[in-house]
Amino acid sequence: MVTTVALVLAGGTGTRLYPASRADRPKQFLDFGGDRSLLARTVDRVAFADETYVLTGERYADAVREHAPRAGVLVEPAGKDTGPALAYAARRIREQVDDAVLVCVPSDHHVDGDFATVAEHACDVAVETDGLVTMGVEPTRPATGYGYIEPAGGFEGGGGDPAGGVARVASFLEKPDEATARELVDAGCLWNAGIFAWTPDAFLRECRNTPLAPIATADDPAEGFARAESVSVDYAVLERTDEAYVVPATFDWDDLGAWDALERLTDAGLGVEELDGNAVLGDGLSIDASGNVVASDGKHVSLVGVDDLVVAAFDDRVLVVPKAEAQRVREVVSELRDENLF
């Protein structure tokens, strides 16, 4: 009998959500106005699985145990992006669980709807095809911050229900510029949600002859991890394999990757409210101001005569950036890290 194992990725720091997210308080442990952290909500979301593991770094292991006490904790040797992380986890879980299928889930997404049904379908497809399965989200806008998936034809199977279908992946496409994003949406491409299903054997097989080969082939996965380069799983494996499949995600999905995401979540139960045309998390006042994103840890923030800004105030730090350039917050974090101030 195949054992379904949920693998929750919780090793990042969430640099684009600075200053709420800091080196000692990464975003997976924040609640953003809800009653539970993003990590705790993610673990709840994968309760359908037979077993759950959280993959994280050594410095966050104790916090993971507090936020997800029922999950096993896997500690990766170092932070090296999603490719080495997933390969290392596949090796470790294969050692501990016989005949497993993994559903790999980031800890910082917002999902509303029937996630379990889609995830279980993805796991079934992974077992039946012995391939690598990703979930494709129907775009609601020409987003430039997400990767895209081009299905090879329509979705087959499911008895006429697209939610139960599957398609081979024709190609994975990197984050596009706005004009290209519009073309991809018009062409029927899907967002790559970064949620995957595969058996450990299938994934490690596809890691051979890639930058992740040291982890897949070494007698000691930790030794292989040390030799592997830092690389995303998309670039290392998914863009190279001929055995990739996509199933349609029928739930609402958003990546809480940067501050501008909050304005899309005013009705999501995360504590983000619409106030005079602004998205506000915390306490705010606006006068002749609209299109702004305001977030604070209880500090009152007043905006007068400004539009389309992000204003985030946490602890002793304040961030102000044009909303359209919210992705550039990582540049601030890079400089702060150089000065050991992150």
Side-chain angles (χ1 to χ4, degrees), residues 12-22 25-39 41-42 106-113 137-146 175 177-178 181-182 185 191 193 251-333 335-336 342:
T13 54
T15 55
R16 290 170 294 165
L17 286 175
Y18 169 86
S21 187
R22 301 279 291 277
R25 186 187 60 207
K27 65 178 177 180
Q28 58 264 32
F29 301 125
L30 303 178
D31 58 33
F32 291 99
D35 58 357
R36 292 168 63 73
S37 67
L38 295 180
L39 173 59
R41 278 179 269 177
T42 303
S107 60
D108 56 356
H109 290 179
H110 172 72
V111 171
D112 186 17
V137 176
E138 185 173 355
T140 58
R141 63 190 187 283
T144 59
Y146 302 152
K175 298 175 182 178
D177 58 33
E178 186 168 354
R182 293 184 184 279
V185 172
W191 285 337
F251 45 78
D252 292 332
W253 172 89
D254 211 310
D255 175 11
L256 295 175
W259 284 117
D260 58 317
L262 292 190
E263 67 179 353
R264 300 190 295 271
L265 300 174
T266 54
D267 297 320
L270 291 178
V272 185
E273 298 180 350
E274 191 279 328
L275 178 63
D276 298 328
N278 305 286
V280 178
L281 175 64
D283 186 14
L285 169 69
S286 69
I287 299 174
D288 295 330
S290 65
N292 300 289
V293 174
V294 179
S296 75
D297 55 2
K299 300 175 182 67
H300 179 88
V301 178
S302 297
L303 302 180
V304 181
V306 295
D307 300 324
D308 301 322
L309 294 179
V310 169
V311 181
F314 290 81
D315 303 325
D316 60 344
R317 307 289 179 92
V318 178
L319 168 79
V320 180
V321 61
K323 190 172 61 181
E325 299 188 53
Q327 301 290 331
R328 296 188 63 191
V329 175
R330 66 179 68 188
E331 298 175 31
V332 176
V333 172
E335 295 206 16
L336 290 173
F342 178 59

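Throughout, residue positions are numbered sequentially from 1 according to the sequence presented.
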In this structure, CG of N278 is separated from CG of L285 (nearest 0.5 Å) by 10.0 Å
Please report the closest heavy-atom contact between P26 and S21, naming both atoms and the distance. CA-OG, 3.4 Å
Going by salt bridge (Lys or Arg N to Asp or Glu O under 4.0 Å), R264 matches just one of D112, D254, D255. Which one? D254
The criterion is salt bridge (charged side-chain N to carboxylate O under 4.0 Å, His left out); which residues satisfy it with R141, sequence neighbours excluded? none
Just by distance, with hydrogens left out, do H300 and D283 show a side-chain donor and acceptor under 3.5 Å apart? yes
Heavy-atom distance under 4.5 Å between the side chains of V294 and L303, does that happen here? yes
Under 30°, 30 to 60°, or over 60°: which ring-plane class applies to W253 and H109, parallel, tilted or perpendicular? perpendicular
Tell me, please, which residues at least two apart from R16 pass salt bridge (charged side-chain N to carboxylate O under 4.0 Å, His left out). none
Going by the rule side-chain hydrogen bond (donor to acceptor under 3.5 Å, both in side chains), which residues pair with D260 if we only count those two or more places apart in sequence or in a different chain? none
Looking at side-chain heavy atoms only, is the closest gap between V311 and N292 below 4.5 Å? no
Considering residues at least two apart in sequence or located in another chain, which fulfil the side-chain hydrogen bond (donor to acceptor under 3.5 Å, both in side chains) criterion with R328? E325, E331
Within a strict 4.5 Å, meaning less than it, do heavy atoms of the L265 and L256 side chains meet? yes
Are the side chains of L17 and W259 in contact, using a 4.5 Å heavy-atom criterion? yes
Could I get the full list of side-chain hydrogen bond (donor to acceptor under 3.5 Å, both in side chains) partners for D252, not counting sequence neighbours? none
Sub-4.5 Å side-chain heavy-atom contact between F342 and T13: yes
Does atom CG of D288 have more than 12 heavy-atom neighbours, drawn from other residues, nucleotides or ligands, at distances under 6.0 Å? no
Should we say atom CD of E138 is surrounded by more than 12 heavy atoms from elsewhere, each under 6.0 Å from it? no
Would you say R22 and R317 make side-chain contact, with heavy atoms under 4.5 Å? yes
Tell me, please, which residues at least two apart from E273 pass side-chain hydrogen bond (donor to acceptor under 3.5 Å, both in side chains). none
Within-4.5 Å side-chain heavy-atom neighbours: D315 and R25: yes
Would you say the side chain of W191 lies within less than 4.5 Å of the side chain of T140, judging by non-hydrogen atoms? yes
